[in-house]
Amino acid sequence: MFVGSGEEEADFFERLDPEWLRFRDYLAQAAPVARGELEANNLDAQPAYYAFVNHIDAGPDDDWIVEFEVVGARWMDVVWAILADSEPGGRLNALFDGQPFAGVWENLGGEDRRLLFFNFVWFCLIAVDVDDKFLGRAPVGLFSCTFPAGDALREGLSESTWCRCDLAPADDEPGPFIGRLQMMGATYETDRTSVRGLVRETFSIVPLASEKGRIMQAGLHALHLPQVDPAVWDQVAGGAGGAAGGRGDAAMPDAGDDAVVPVDEDGARYPDPDAPLVPDIDDPPPEPPWQDGMVFRRALRGLAGRARKAGRRLRDLLGALVPMPQLATPEGFGFPLPAPEPSRYIGSPATHTGNIFTNRWHGLAGANNMVANPMIQNAAAQPFVGVLDVGQANCNMLVDRNGHVIAFYDFGYPSDLHGGGGFPAAEPATCFCHQPLIILSHWDYDHWSLSRRRIYAYNHEWLVPQQHIGTTTIAECLARILISNGRIYLWTACSSAVAGNPVTYATFPWGWVERQTGSNPLTQGRRNTTGLMAYVCVRDQKGGDAAPVALAPYNDAAAAPNLNQVGGGAAAPGVTPMVSAGGAAPAQWPGNINWGPVQAEAQNHAAVRAAARGAAQIAPVYAGLAAAAGVAGMLPRVAEVAAAIAAAAGVNHNHFANGQPNAGQSYRGAVAIVAAFQAVAGLGQVTSDANVNLWLGGAAPGAVAAAWGGIAVANTQAYARIIARASRTSVLLGETAVQRIHRIAVRLARELTTLLGPINALGAIGVDDPNPTAGAANAAALVTRRAAIAEALAALIRHAIGPGGPLMHRGRIPKVRAGQAPYSPHERFILLTGDGNFGYVGSQHAAPPPVVVGVVAAHHGSKQMDGEPLEAEQVPWAPLSDEADAARIAAAAAAIPLHLDVLVTFAAAALGGAAAFAAVGGGGAVAGATNWGTRAEELLAAMPALNIGHFIGTVRNCRRMAAAAAAAICADARCVGLGYAPAVRTLAGIVGAMAGFRWYEDAHPMSLGFAAAHASNAVETHFNAMAGVAGNHRNTGRTAGTNGVLAWVAGGAIWAQQIRAFAWELGNLAVYGSLNPNFVPFHLVNGLPQAHRVAATWNARPVNLDAFLLAMAPHIQPSAGYAALMAPFATAAANNPPASWRDFAALYGAVAGAAHADILNPATLQAAAETGITNQAPAAIAGQHGSGPIAYSYGILPNGHHCYPAQPGHYGHPHPLALTKYTARGWTRRLNTPNTTGSHQPSPAAWGPVALGWEDETLLALPPLAPHEGKLRPLPLSPHPAGMDAIQWTCVTCPAIPAQITWLIV
Amino acid sequence: MADRKHVVAAGECIASIGYRYGFFPATLWDLPQNAKLKELRGDGNVLQPGDEVVVPELRPKWLPAATGKRHRFRWRGVPTVLKLRLLRVGKPRPKVPYRLEVDGRTIAEGTTDDDGRLEEFIPPNAKKGRLVVDEVEMIELQLGSLQPVTTDAGVRGRLANLRYLDDVAAGEEAVMLALIQFQRAAGLDATGVLDDTTRKKLTELAGR
């Protein structure tokens, strides 16, 4: 049965070309039924959908939440039948029938790769069917449901697998196999969502072998895998290879680059049209010319020609079946396509005035020849990475030093699979004024689908990973990019030929993009951990002399065990345009535009469309000017502006309401322009507002108002200012007049639209039209019939902004290199993560890794990715956070063979400190704690109190100590053969446990138990490790003192094997220390008042472990050193009023006990502390912050549940466990993009769009702020209504950013 | 004028033939001249192309009616009924929304009953229909085209309607395989041979 999504699908078979009707009998088998009263005709149903497993979340033992991309089975069967009936399709069938995709793909020869590429492009065009002449849009959608643990249907199911299934109406949700089906409409507004249940009986995995002529598993993969035009590969010889490469090396090779293989304009790289396309399968594959080096996209030159030839070839092959894409011709544009030229970053033309980003340490010739990093601040603005509120999705954008959006990292929007929720509070404001590059982390719907609401994105350049995708992604994104003159750069999968260098990266002026190494995306099908992450450099290295890091290739095979497979013959990884599509936008494009609520988006198109209509006005403009005096001498700049205004101010389509232009209004509009320009021209050059005011003081406003008719005088003034501003538009280096006209027109279209809206809504926005879409379409239709001048201008502008056009020499994709990206340890980065896992990011394995100062929580804050856990030890440290500081000190100490008992002591101290806060929490908690039977209960009881501990600012001290202790334990573990890995896990565990307490205040109460359990596990891990170590160093000499147990604790010299047994005692006793009357003897011996004062001293400020150790060390002497140890602290404390001291009790007791126990080695301790201090980060950034900013992007349903809840067995967006892990690494300055009010996982953190960035004091200060190194500071200084620190930003010319946007920075 | 014989074409049944000649279907079907065909086919709505239906001359009927007034006369048997039952893997599909289109026009919308059945009235001579089920699933209907189970086409049509056969024009081997599957599912001996038991079961499960 056919599955459609609307009325248009009802005409499915009527769309079929007569040539295809023969397939009707094959696939469109109509059911013969009888009329009449007797028994009913029984009609059974086939599975209605092919379903691509988009994503599986949760671990193997959990319930799975499976998301499918579905496509109507009948549609796909028809497509396959048509294709299989052709020669290319037959070949495809022969290649893949009965075979797994990856195995065949690995060994394909050149011709077959070309064939697959053609087939793929063909399929894209079929799926999107922009001309609506083939089968109509592919009936595609999304479906998500739960597959319970252990269910038989999970057998053999994995990501990127194709299935067949039925979806039946269901009343209830959620439940096993019941979920929501979102069928895609022509626009997102016409999507239809309903509750459906998966019909178990008809669910099956598409077999490897074709059955009954239907498409098989590998055939589906072949049609859906984004592939590279082989000619693009072919034109590359050699390649740069190697690991060296400076940031900013984003330039395409220039025309004189010897490495560029001249493109054969005669199409010799394509097969002879008369020769059979498909060679014998036994033919040996041609020697790949790229085998010796990396493959990069090398040149644009001649691509259009090759594309035309490819198109003709494809048309020859499949032309009878599907219309070929309309390819550009230079003649069609009226001027030749531009020659390749070095890429110049023109999104931010301002020159970097601070320390020039040097490539000296990249090993490249010549210093200071790199492009300035646009993400480094200057006097103009604070560059930042914006984390947009897109609900249950991800979208980050790079706003550079000029306030320009230069790139998006992910461009996602939620699906409708979450019970009608998970959407952002408001439509996110996006800006395309500066042609941002769109980088996809991976192909999940919620990472690209904002393009369905911001269709202008389709017209841009996309950098995407090569991964398996489903038909929904093809039809709604990838194919639309192709037909919209966008461009896709495909980061191809790695080849076995380069398996030794599995890490690949590409540098940009602002940092680098790096592919994760989770697995081979073509063989295992995973996408989260095989996608792209981005390091955005927000501080260049200072001084320029620091040694580079990690220039050697990254070869940790254990960390990337599976990335060794291929994309087609031994192809090397690379990034390359997938298809060299150039040319005109489809004529049907305006009809596809959704004008409704996305007016801002439509305005982005305004210039193009208005240009076409407004071009007719150019004639009267020039006529008017000709009639006026001095036209012959009109200034060139004025002429440019005049042309731009004429283009931008094209009359409203309403003027064509009767099918004919409204001459009166058009004329008035033209006259208005003339009048304005007469004024501008009369001033010679409008160079300032003063000039404008001068003009406004004259007769011009009246003339404009009278001429235009209906424009208020106030508006004429604004209008004049706009014109004047346009006339002052700067000339960008290398910019042609046409480019400038376009640029001005785009801006004017937006500004004038805002100004003149009801009177002349530019560019067919048609706010006064009840049916703007139809109006736009009518107008567009008229355009096509109008004079050549209009079309020519439209073509000019389309070309100017289109791929290959003069404006497109910005942002070309740089080379992809193998190995690790070079960086300086003094650089600072914002890490954009998508749904990735830190463990598969090569740079995170470097020593030291890049310094990350801001991060977006991976996978919406989930605890796992692709079924694998987020590991705390793989999360970057938040620099100079307490946690990182402690780890750093501990790591320094680890360089020295510490006496084991020191470690045990400190661990005890840490635990004691943690439990101390439990006591602070009050009698109930304490009473409960005394009866702890298990550690889970113990921790559970402790947490409310710990929250109070946090409130009084002490928990982080505890964490700090814990981290130091655990790290030291781990380090020492090497001495006893524990091994590094368990040691690191121990570190993560103990820190995570401590951080889990901190998390409590953010967590939903129902998650409390989870946190406790996790903390318990972590502590147990810690205990295990510690016990293993301490077992070799048992010290029982100090266990028989006063009160026995007290001695154990105070001494810290315990029976290691029993440490788990008295964990609670450890905590309690350390806490009770001075309070419990039972311990009076201890107090008497050790001097309670003194202890109080010492504790008070330390409680007044964060415990500086370094200083504490330094202070302690000289006084620590075996046995007799105790009194001396305490004396200076007692003295100091005597000068401070007594205060809360409990947090110090543990440390006090532990260290004191250690002293008693005669186990501290003061020399060792001293050395460790000094080493730690020496290794501190540069003083310039010290003390500026105590923790790292982390942004969480996720969605919340109206009922307060999260789209992916943190329930037991679920992975949560976000999940408390992930929160603890981030927190454990210092990422404690949490910011949410969604509003958590009413959430079942409440968070007191601020919500809204988040800005992650960095200020550098060595650069220009930001008035009125003083120079500063560190996190972003609020600008402007006016307080944020919610009391949050925030910056404000808006695009100066972009109506999509209607007002100042507040970006949280706390 | 004497009786004439109408040769049944594809898509025709007693209802459509009656409608064409102005007869109530039962009138035609119950004619003694059609008794042999009636005995052969059983159901006048399931005929085989080539069957001959005797159509008598229309008999005028006189009814008194006042002049100067408008009168309405109802044509019995028009429209005719269409009964369908929707299954999925052999099980009824209850309460499924549907939309019935006949000759390109939507004539009914509704929901199947608890047994997956629907019943709508259609023009007796309608030949093409389309059932849009659950908004997204479309079933093309050849109205009146179901042939007697005693015929090869009738067997193929029923097997196709029950999902055992993808193509009614498939070869003999495919039909045999389909029969084997059907017989297995129906608890019969899986011989692949079309015997009376199989025909009876096929009629029972496919309807008609």
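So that the names make sense, note that chain A is the first sequence line, chain B the second, and so on, each numbered from 1.
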Between [X] and [Y] (side chain of the first, backbone of the second, donor and acceptor by atom type, cut-off under 3.5 Å), is there such a pair?
X	Y	answer
B/Asn161	A/Ala31	no
A/Asp44	B/Gly90	yes
A/Asn41	B/Arg85	no

**Request:** Could you list the residues that satisfy side chain to side chain donor-acceptor pair (under 3.5 Å) with B/Asp189, not counting sequence neighbours?
**Result:** none
**Prompt:** Rounded to the nearest 0.5 Å, how far apart are CG of A/Leu43 and CZ of B/Arg163?
**Reply:** 12.5 Å
**Asked** Quick one: NZ on B/Lys127 to CZ on A/Arg35, what's the gap to the nearest 0.5 Å?
**Response** 8.0 Å
**Message:** Checking B/Asn125 now: which residues fulfil side chain to side chain contact (heavy atoms under 4.5 Å, CB included) with it, not counting sequence neighbours?
**Reply:** B/Tyr19, B/Pro123
**Heavy-atom contacts under 4.5 Å, residues 113-122 of chain B to chain A** = B/Arg117, B/Ile122
**Asked** Would you say A/Arg200 has more than 12 foreign heavy atoms packed within less than 6.0 Å of its CZ?
**Response** yes
Would you mind checking which part of [X] comes under 4.5 Å of any heavy atom in chain A, side chain (CB onward), backbone (N, CA, C, O), both or neither?
X	answer
B/Lys91	side chain
B/Ala153	neither
B/Arg156	neither
B/Pro124	backbone

**Prompt:** In terms of heavy-atom pairs under 4.5 Å with chain A, which of B/Thr80, B/Leu162, B/Leu84, B/Leu82 leads?
**Reply:** B/Leu84
**Prompt:** Measuring heavy-atom distances to chain B, does A/Val33 have an atom under 4.5 Å in its side chain, in its backbone, in both, or in neither?
**Reply:** both
**Shortest non-hydrogen contact from A/Pro32 toward B/Gly157** = CG-CA, 3.8 Å
**Message:** Salt bridge or not between B/Arg88 and A/Asp166? Use side-chain N to carboxylate O under 4.0 Å.
**Reply:** yes
**Asked** What pairs of residues pass the salt bridge (Lys or Arg N to Asp or Glu O under 4.0 Å) test when at least one of them lies in residues 26-39 of chain B, not counting sequence neighbours?
**Response** B/Asp30-B/Lys38
